[in-house]
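For reference, the structure discussed in these notes is given below.
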Amino acid sequence: MNAPRLKIVILGLSITSSWGNGHATTYRGLVRELSARDHDVLFLERDMPWYAANRDLPEPPFGRTELYFGIGDLKRRFTHEVRNADFVMVGSYVPDGVAAGEWVTRTAQGLTGFYDIDTPVTLEKLSRGDHEYVSPQLIPRYGCYLSFAGGPLLRQIEERYGSRTSPLYCSVDQTLYFPEPCETKWDLGYLGTYSDDRQPALERMLIQPARLWPAGRFAVAGPQYPDSIEWPPNVERIEHLPPARHRGFYNSQRFTLNTTRSAMARFGYAPSVRLFEAAACGVPIISDYWNGLEQIFDIGSEILLSRSEEDTLWHIREIPESERIAMGERARQRVLAEHTAARRAEQLETHILNMSRQGRHVQQTDRRREVSNVN
């Protein structure tokens, strides 16, 4: 039986610009696939200068996207849509996210949820009293807490903040990421915005190997790297790579590198979208380790681990070409089966419908209790 058509409103960091954030690609795939399932989806994005200047998808061709200019503008223009939606979801790092979430949970007559694309970072911020986009008081007001991270973190959120949780991992758009013939430009490449807590791993797993192997070819793509970094001459720097060029970048590498932010690694169970993008292109991944990685990929068969520059160099220089190709294909098949945007849209739809059924069950139980009390 087909699911009923749902009216869904999403307040997210950005869908129009992927500049310096990984949220846009997630929302693009999710909104497109929800729309393909015949749901009515409205995405609301705060108009921010740094995204306005770098919009690589200014008018998404799926769902409906609207920009707003502050909380006042949001309330004036979109109260009706929020009030009448079946499900309203507010994402992490939304500007003035606490004020937006308080308004949504007061206004929406349907179901509400918080989508945390940065769960370990969020919990660290909350522990410091940093309520940039969500607060301890707001979390239980949402009907559910959907999370990029799974595992023990979800139980911690439920126990500490009183919210019903469920994993909703990142995903890959299989229509955009797939193997294609490309000139092999690099032995190892990395795609990611600069982060203080990722830089030591990048130094250990790519920059130092490049110094030790001058004949090797390396690349680092992403913005905000400080000028103080001394890049070896065999490391090509690409300042910004829009999503339209990600597939070509991956397919031009023999191996690709994944590094994990310290909070993500410490809590674990938080796969990066870059993992799924590279795997969907059939490119073998070299990664640092975090708890739960073995639930996403079979270590040694579908993904490689590196703890040192020597590990990295062994992988990229000693693994036979036939095994390199086979490993990439095994990871690709795993991702296509479990981690596509279409799969996430299906999971979100199921979650909304289950919440709705549970709500009706509670209402029916309350009515029976009222009748019993009257009798």
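Keep in mind that what you see is a predicted model, and the values were worked out from it rather than measured.
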Applying side chain to side chain donor-acceptor pair (under 3.5 Å) between D118 and each of H23, R261, K125, report the one that passes. H23

Distance-only, no hydrogens or angles: does the R237 side chain make a donor-acceptor pair with backbone N or O of G222 under 3.5 Å? yes

Shortest non-hydrogen contact from S14 to T16? OG-N, 3.4 Å

Rounded distance (nearest 0.5 Å) linking atom CG of L146 with atom CD1 of I117: 10.5 Å

Kindly work out whether a path of hydrophobic side-chain contacts (I/L/V/M/F/W/Y, heavy atoms less than 4.5 Å apart) joins V88 to Y93. yes

Would you say Q224 has more than 12 foreign heavy atoms packed within less than 6.0 Å of its CD? yes

Determine yes or no for a side-chain-to-main-chain donor-acceptor pair under 3.5 angstrom, with Q253 supplying the side chain and G189 the backbone. yes

Side-chain contact test, heavy atoms from C-beta onward, threshold under 4.5 Å: evaluate it for P140 versus Y145 and give yes or no. no

Are R245 and H240 close enough, and set up right, to give a side-chain contact (heavy atoms from CB on, under 4.5 Å), and what steps lead you there? CA-CA 10 Å; R245 295 177 57 194; H240 175 61; over 6 Å; no

Nearest heavy atoms of G216 and N234, plus distance in Å: O-ND2, 3.1 Å

Non-hydrogen side-chain atoms of I10 and Y115 separated by less than 4.5 Å: no

Which heavy atom of S171 sits nearest to which heavy atom of R344, and what is that distance? CB-CG, 3.3 Å

Between T112 and T105, does a side-chain hydrogen bond (donor to acceptor under 3.5 Å, both in side chains) hold up when you go through it step by step? CA-CA 7 Å; T112 63; T105 55; over 6 Å; no

Under the rule for ring-ring contact (aromatic ring centres under 6.0 Å, His included), what residues qualify as partners of F62, not counting sequence neighbours? none

Main-chain N/O of I352 paired with S356 side-chain donor or acceptor, under 3.5 Å: no

Heavy atoms, side chains only, cut-off 4.5 Å: are P4 and L353 in contact? yes

Indicate yes or no: does R155 engage E158 in a salt bridge with an N to O separation below 4.0 Å. no

Under 3.5 Å, side chain of T340 to main-chain N/O of L336, donor-acceptor pair present? no

Excluding sequence neighbours, so at least two apart, what forms salt bridge (charged side-chain N to carboxylate O under 4.0 Å, His left out) with D47? R55

With heavy-atom distances below 4.5 Å as the criterion, would you say the side chains of S147 and L154 are in contact? yes

Closest non-hydrogen atoms of R28 and S17, given as atom of the first, atom of the second and distance, are NH2-N, 3.5 Å

Give me the ring orientation class for H339 and F276: parallel if the planes are under 30° apart, tilted from 30 to 60°, perpendicular past 60°. parallel

Close side-chain approach of V31 and S35, heavy atoms under 4.5 Å: yes

Inspect the contact between R254 and D187 and indicate whether a charged nitrogen and a carboxylate oxygen are less than 4.0 angstrom apart. yes

Run the side-chain hydrogen bond (donor to acceptor under 3.5 Å, both in side chains) check on D227 and Y225 step by step: do they pass? CA-CA 7 Å; D227 294 336; Y225 285 85; over 6 Å; no

How about Y250 and L191: do any of their side-chain heavy atoms sit closer than 4.5 Å? yes

Looking at L305, is its backbone amide N or carbonyl O close enough to the side chain of H315 to form a donor-acceptor pair, meaning the two atoms are under 3.5 Å apart? yes

Considering all heavy atoms of both residues, which atom of S166 and which atom of H351 are nearest to each other, and what is their separation? CB-CE1, 3.6 Å

Kindly write out the residues that satisfy ring-ring contact (aromatic ring centres under 6.0 Å, His included) with W50, not counting sequence neighbours, or none if the list is empty. none

Across all chains, not counting sequence neighbours, the salt bridge (charged side-chain N to carboxylate O under 4.0 Å, His left out) partners of D288 are none

Do F43 and Y27 pass the ring pair (Phe, Tyr, Trp, His ring centres under 6.0 Å) test, and can you show the C-alpha distance, the side-chain angles, and the key distance before you say yes or no? CA-CA 9 Å; F43 190 94; Y27 285 129; 5.0 Å; yes

Should Y177 and L275 be regarded as members of a common hydrophobic cluster, given that ILVMFWY residues are connected when their side-chain heavy atoms come within less than 4.5 Å of each other, either directly or indirectly? yes

Test side-chain contact (heavy atoms from CB on, under 4.5 Å) on R164 and M355; report intermediate values, then the result. CA-CA 10 Å; R164 178 170 48 186; M355 286 176 61; 3.8 Å; yes

Testing the basics here: between V172 and E277, what is the closest heavy-atom pair and its distance to 0.1 Å? CG2-CA, 3.7 Å

Between Y68 and Y51, is there a shared hydrophobic cluster once you connect ILVMFWY residues whose side-chain heavy atoms come closer than 4.5 Å? yes

Step by step, work out the side-chain contact (heavy atoms from CB on, under 4.5 Å) result for R204 and E309. CA-CA 6 Å; R204 182 180 68 252; E309 53 266 33; 3.8 Å; yes

Considering residues at least two apart in sequence or located in another chain, which fulfil the salt bridge (charged side-chain N to carboxylate O under 4.0 Å, His left out) criterion with E338? R334

Quick one: does N251's side chain have a donor or acceptor within less than 3.5 Å of a partner on V283's backbone? no

Please confirm whether the backbone N or O of S18 pairs with a side-chain atom of D56, one donor and one acceptor, at under 3.5 Å? yes

Listed partners of Y190 passing ring-ring contact (aromatic ring centres under 6.0 Å, His included), at least two apart: none

Please determine whether salt bridge (Lys or Arg N to Asp or Glu O under 4.0 Å) holds for the pair K7 and D40, giving the CA-CA distance in whole Å, both sets of side-chain angles, and the decisive distance to 0.1 Å. CA-CA 5 Å; K7 291 184 177 180; D40 180 0; 5.4 Å; no

Enclosure of E321 CD (heavy-atom neighbours >12, cutoff 6.0 Å): yes

Strictly distance-based, threshold 3.5 Å: is any side-chain N or O of R247 a donor or acceptor partner for the main-chain N or O of L176? yes

Should M48 and Y133 be counted in the same cluster of Ile, Leu, Val, Met, Phe, Trp and Tyr side chains packed under 4.5 Å apart? yes

Can you find a pair of side-chain heavy atoms, one from L126 and one from R160, that are under 4.5 Å apart? no

What I want to find out is whether E66 reaches R77 closely enough, with some N-O distance under 4.0 Å, to be called a salt bridge. yes

Verify, without hydrogens or angle tests, whether R217 (side chain) and T184 (backbone) share a donor-acceptor contact under 3.5 angstrom. yes

Tell me whether the count of non-hydrogen atoms from other residues, nucleotides or ligands lying under 6.0 Å of CZ in R106 goes above 12. yes

Roughly how far apart are R198 CZ and T193 OG1, rounded to 0.5 Å? 6.5 Å

For the pair Q333 and E329, evaluate side-chain hydrogen bond (donor to acceptor under 3.5 Å, both in side chains) and give the outcome as yes or no after the intermediate values. CA-CA 6 Å; Q333 293 305 318; E329 180 59 24; 2.6 Å; yes

Expected output: side-chain T312 to main-chain L206 donor-acceptor under 3.5 Å: no

With hydrophobic residues grouped by side-chain heavy-atom distances under 4.5 Å, do L44 and F69 end up in a single group? no

Check the pair W103, V82 against side-chain contact (heavy atoms from CB on, under 4.5 Å), reporting the backbone distance first and the verdict last. CA-CA 9 Å; W103 171 69; V82 167; 3.6 Å; yes

Given side chains that start at C-beta, do those of P232 and I207 come closer than 4.5 Å, heavy atoms only? yes

